[in-house]
Amino acid sequence: QVQLVESGGGLVQTGGSLRLSCAASTSGRSFSNYAMGWFLQAPGKERKFVAALSWSGSRTNYADSVKGRFAISRDNAKNTVYLQMNSLKPEDTAVYYCAATTARLGGTSVYDYGYWGQGTQVTVSS
């Protein structure tokens with residue numbers, strides 16, 4: 001089992017950068033044996049895939065809309081996953097959620113994940 005807590009959201013200008021963090025607390029299963037993902041959700045809309053990475057962090061997957069701008073990474077020694085967000089756009093504005101799965105590499109569907117954080121707000125001003 002794993003509990004997830006996101007942090008690092010805030011207000012930034014277009015073109016700016018932000019780094020989100022997701023701190024994990026696990027029991028039984030090691031953090032290194034959870035694939036991790038980031039999703040975003042705007043008000044009234046479906047939760048959408050942003051990025052995912054494997055147990056070791058060596059394999060990653062990104063939504064087309066963020067490829068080349070965002071980078072997902074993890075530090076298993078710190079039980080933390082990160083989302084580095086660069087060249088931010090107003091359309092990136094949303095609540096960002098951290099998610100975990102026991103699969104080797106996280107998928108792109110919300111149904112691929114069994115554990116979720118509470119979310120952190122990211123607002124990009126124009």
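In this chain, numbering begins with 1 at the start of the sequence shown.
- With hydrogens and angles ignored, the 3.5 Å screen pairs a side-chain donor or acceptor of Thr14 with a backbone N or O of Ser125.
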Donor-acceptor pairs are to be reported for all side-chain atoms of residues 15-23 against protein atoms at under 3.5 Å, with residues two or more places apart or in another chain.
from, atom 1, to, atom 2, distance (Å)
Ser17, OG, Asn86, OD1, 2.9

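- For the atom pair OG1 of Thr60 and NZ of Lys67, the computed distance is 8.5 Å after rounding to the nearest 0.5 Å.
- Minimum interatomic distance between Asn76 and Ser32 (heavy atoms only, all atoms of both residues): ND2-CB, 3.6 Å.
- The structure places CG of Leu83 at 8.5 Å from OG of Ser73, a figure rounded to the nearest 0.5 Å.
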Residues 43-50, side-chain donor-acceptor partners within the protein, below 3.5 Å, at least two apart:
from, atom 1, to, atom 2, distance (Å)
Arg47, NE, Gln41, OE1, 3.1
Arg47, NH2, Gln41, OE1, 3.1

Query raised in the report: Passes side chain to side chain contact (heavy atoms under 4.5 Å, CB included), Arg29 versus Thr102? Steps please.
Result: CA-CA 9 Å; Arg29 191 181 185 93; Thr102 57; 3.6 Å; yes
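- Within the cation-pi definition used here (under 6.0 Å to the ring centroid, within 45° of the axis), Arg74 qualifies as a partner of Phe31.
- Taken together through direct or relayed side-chain contacts under 4.5 Å among Ile, Leu, Val, Met, Phe, Trp and Tyr, Val122 and Leu40 form part of one hydrophobic cluster.
- Legend: salt bridge (Lys or Arg N to Asp or Glu O under 4.0 Å) pairs involving residues 90-100, not counting sequence neighbours, sorted by first then second residue: Arg69-Asp92.
- Linking Ile, Leu, Val, Met, Phe, Trp and Tyr whenever their side-chain heavy atoms come within less than 4.5 Å leaves Met36 and Phe39 in two separate clusters.
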Listing, residues 1-11 side-chain donor-acceptor contacts under 3.5 Å, not counting sequence neighbours, or none:
from, atom 1, to, atom 2, distance (Å)
Glu6, OE1, Gln118, N, 2.9
Glu6, OE1, Gln118, NE2, 3.4
Glu6, OE1, Gly119, N, 2.8
Glu6, OE2, Cys98, N, 2.7
Glu6, OE2, Gly119, N, 3.3

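- Two residues are said to be in side-chain contact when any heavy atoms from C-beta on lie closer than 4.5 Å; Trp38 and Val66 fail this criterion.
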**Report entry** Worked check of side chain to side chain contact (heavy atoms under 4.5 Å, CB included) between Val81 and Ile72
**Finding:** CA-CA 7 Å; Val81 63; Ile72 188 171; 4.0 Å; yes
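- Between Tyr34 atom OH and Arg104 atom CZ the span is 15.0 Å, to the nearest 0.5 Å.
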Please set out all donor-acceptor pairs under 3.5 angstrom arising from side-chain atoms of residues 105-116, sequence neighbours excluded.
from, atom 1, to, atom 2, distance (Å)
Ser109, OG, Tyr111, N, 3.1
Asp112, OD2, Thr108, N, 3.4
Asp112, OD2, Ser109, N, 3.2
Tyr113, OH, Gly107, N, 3.2
Tyr113, OH, Gly107, O, 2.7

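- Among residue pairs with one or both ends in residues 72-102, none qualify as ring-ring contact (aromatic ring centres under 6.0 Å, His included); sequence neighbours excluded.
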